*Asks:* 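Please read through the structure below; I'll follow up with questions.
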Amino acid sequence: MNAPIDTRRRRTLQIGAGLALASSLPLTAFAQKKYDSGVTDTEIKIGNLNPYSGPASAYGVCGKSMAAYFGALNAKGGVNGRKINFLTLDDAYNPAKSVEQTRKLVEQDEVLLMFASLGTSQNIAVQRYLNAKKVPQLFVNTGATRFGDPKAFPWTMGWQPTYQAEGRLYAKHILQTQPNAKIGVLMQNDDFGKDYFKGLNDGLGDKAKAKAMIVQHQTYEVSDPTIDSQMVSLKSAGCDVFVSITTPKFAAQAIRKAAELGWKPTQYLVSVSQSMNSVLKPAGFENAVGVISSTYLLTPSDPMAAGSKDVPEYLAGMKKYFPDGNPDDSLNAIGWGVAATMAQVLRQCGDELTRDNVMKQAANLDFKAPMLYPGIEVKTGADDFYPIDKKILQRFNGKGYEAMGAPMAG
């Protein structure tokens, strides 16, 4: 008969067996979840600003298409079992309002991060605040170059190609096709406009050459009612190339006014205002024929969309969660693609949903976001905060845009 085991020895055996079992299990079973503000086991709160009112309200559809993506994502279970609580507020394209609303989202709503807020001046207004508080300012919805500088602003990252690169792309095409062009420029008088204009100047070559080719440079304020007088001046200067560095309201006015004046220059329209719904339709499709722009996005009507696995999902999501939105509007494609990129970052974070790890994962992307043009991807590194660096030139044919070549860097 076996002798009884005393209580002390039994406890020792139990502890030893437990340790042996623990050592045989994967480490992930014991990994602790790490959360910062805005995160629970079931939810991730992210903040966003869009101009749902005011002079740039046409851009408001970006926020609605982002919400549509997150709605579709949440219906599938969210990210790693957590639903996205997308808090999007109206700043009316007013930098002072951007500051007020950003502070509300960070300090009162306690979001994990700010995501894809729209506007150059609007994001500049809150950039130092967010970096000082170490709150990610991710995938800002502007192409200004200052949003890809990890040394100066390690908590800020852009998403789309830069305005300067786009400006250089137009300059390169002008030099190839009309080397003796007389260029007229209409520019919004703010950081958005200045960034594009610098790219155009740099792309034309030395300062003397750029000065000689740009024979008329007109500006407008976002509060101006019209740009009619500026357009008359551009025509009167004999410009045969027109570069429109404008936001949607003024882009539509410029195309329509050129037609009214009987002025038929080669028109280059910045990509942020290429929207068929918000710009070309109010301008008159017939007036916009021949307009050259650039894109990095794919829309369902583009012949290159045939066979794309992303398009059916995009169409279904838009139909269910943003039925009033036009899927062929590039602004909606932007919202869908950038929201998918945000979801990928959160997916890569796993259960370590801290602000530090969010930025670490955002700087470690190699991702084919939906609705990006074939050959264009989202790639980042610790020293590369410019996720997308290629675009294609395209021309409006009266019904839609046609690609003018392969994707290229500016």
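Excluded from the calculations below are hydrogen atoms, water molecules and symmetry mates; all remaining heavy atoms, backbone and side chain alike, are included. The structure presented is a predicted model; accordingly, all values stated were derived computationally and were not measured.
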*Asks:* So which pairs with a foot in residues 307-347 pass ring pair (Phe, Tyr, Trp, His ring centres under 6.0 Å), sequence neighbours left out?
*Replies:*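 Qualifying pairs, neighbours excluded: Tyr69-Trp336, Tyr314-Trp336.
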
*Asks:* Can you list every ring pair (Phe, Tyr, Trp, His ring centres under 6.0 Å) pair that touches residues 218-238, not counting sequence neighbours?
*Replies:*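 Only Tyr220-Phe250 qualify under ring pair (Phe, Tyr, Trp, His ring centres under 6.0 Å).
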
*Asks:* Under 3.5 Å, sequence neighbours excluded: what are the donor-acceptor pairs made by side chains of residues 133-140?
*Replies:*
from	atom 1	to	atom 2	distance (Å)
Gln137	OE1	Thr156	OG1	2.7
Gln137	NE2	Asn123	O	3.2
Gln137	NE2	Asn123	OD1	3.2

*Asks:* Would you mind checking if Glu286 and Arg256 are paired as a salt bridge, meaning a charged N to carboxylate O distance below 4.0 Å?
*Replies:*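 Salt bridge: no.
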
*Asks:* Side chains of Leu234 and Leu186: closer than 4.5 Å at any heavy-atom pair?
*Replies:*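 Leu234 reaches Leu186 side chain to side chain.
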
*Asks:* With sequence neighbours excluded, tell me which residues meet ring pair (Phe, Tyr, Trp, His ring centres under 6.0 Å) with Phe86.
*Replies:*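 Partners of Phe86 by the ring pair (Phe, Tyr, Trp, His ring centres under 6.0 Å) criterion, ordered by chain and then number, come out as Phe70.
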
*Asks:* Here's a test for you: under side chain to side chain donor-acceptor pair (under 3.5 Å), which of Gln394, Glu166, Gln160 qualifies with Ser271?
*Replies:* Glu166

*Asks:* Holding to salt bridge (charged side-chain N to carboxylate O under 4.0 Å, His left out), I want the full list of residues that pass it with Glu107, two or more places apart in sequence or in another chain.
*Replies:*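 Residues passing salt bridge (charged side-chain N to carboxylate O under 4.0 Å, His left out) with Glu107: Arg103.
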
*Asks:* Decide, yes or no, whether a salt bridge links Glu110 with Lys45 under the criterion of side-chain N to carboxylate O below 4.0 Å.
*Replies:*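 No, this pair does not count.
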
*Asks:* Is there a donor-acceptor pair closer than 3.5 Å between any side-chain N or O of Ser273 and the backbone N or O of Ala251?
*Replies:*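 Not confirmed, Ser273 side chain does not pair with Ala251 backbone.
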
*Asks:* Quick one: list whatever passes side-chain contact (heavy atoms from CB on, under 4.5 Å) with Asp302, sequence neighbours left out.
*Replies:* Leu298, Thr299, Met304, Tyr373

*Asks:* Extract all donor-acceptor atom pairs below 3.5 Å that involve side chains of residues 207-214 and protein atoms in other chains or at least two apart in sequence.
*Replies:*
none

*Asks:* Name all residues meeting the ring pair (Phe, Tyr, Trp, His ring centres under 6.0 Å) criterion together with Tyr129; count only those two or more places apart in sequence or in a different chain, and write none if there are none.
*Replies:*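 None.
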
*Asks:* Any ion pair linking Lys34 and Asp351 (charged N to carboxylate O, less than 4.0 Å)?
*Replies:* no

*Asks:* Distance from Gln127 atom CD to Ser117 atom OG, nearest 0.5 Å?
*Replies:* 12.0 Å

*Asks:* Tell me every residue that passes side-chain hydrogen bond (donor to acceptor under 3.5 Å, both in side chains) with Asp329, counting only those two or more places apart in sequence or in another chain.
*Replies:* Ser275

*Asks:* Can you tell whether the side chains of Asp356 and Lys360 come within less than 4.0 Å, N to carboxylate O?
*Replies:*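 Between Lys360 and Asp356 there is no salt bridge, as every charged N stays at least 4.0 Å from the carboxylate O atoms.
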
*Asks:* Could you give me the CA-CA distance, side-chain angles and deciding distance for Ile183 and Leu204, then say whether side-chain contact (heavy atoms from CB on, under 4.5 Å) is met?
*Replies:* CA-CA 11 Å; Ile183 303 171; Leu204 291 173; 4.0 Å; yes

*Asks:* Does Asp109 pair with Lys104 as a salt bridge, N-O distance under 4.0 Å?
*Replies:* yes

*Asks:* In Å and rounded to the nearest 0.5 Å, what is the CD to CG distance from Gln274 to Leu269?
*Replies:*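 The CD atom of Gln274 sits 7.5 Å away from the CG atom of Leu269.
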
*Asks:* Could you measure the distance from the CD1 atom of Ile334 to the CG atom of Leu297? Nearest 0.5 Å is fine.
*Replies:*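 Here the rounded value is 5.0 Å.
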
*Asks:* Name all residues meeting the side-chain hydrogen bond (donor to acceptor under 3.5 Å, both in side chains) criterion together with Asn397; count only those two or more places apart in sequence or in a different chain, and write none if there are none.
*Replies:*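 If we apply the side-chain hydrogen bond (donor to acceptor under 3.5 Å, both in side chains) test to Asn397, skipping adjacent residues, the hits are Glu402.
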
*Asks:* Show me the donor-acceptor pairs, under 3.5 Å and distance only, between side chains in residues 261-268 and residues at least two apart or in other chains.
*Replies:*
from	atom 1	to	atom 2	distance (Å)
Trp263	NE1	Cys239	O	2.9
Thr266	OG1	Gln178	OE1	2.9
Tyr268	OH	His173	ND1	2.8

*Asks:* Using the ring pair (Phe, Tyr, Trp, His ring centres under 6.0 Å) criterion, which residues pair with Tyr163? Sequence neighbours excluded.
*Replies:* Phe192, Tyr196

*Asks:* Passes salt bridge (Lys or Arg N to Asp or Glu O under 4.0 Å), Asp41 versus Lys33? Steps please.
*Replies:* CA-CA 9 Å; Asp41 286 348; Lys33 297 174 182 178; 3.5 Å; yes

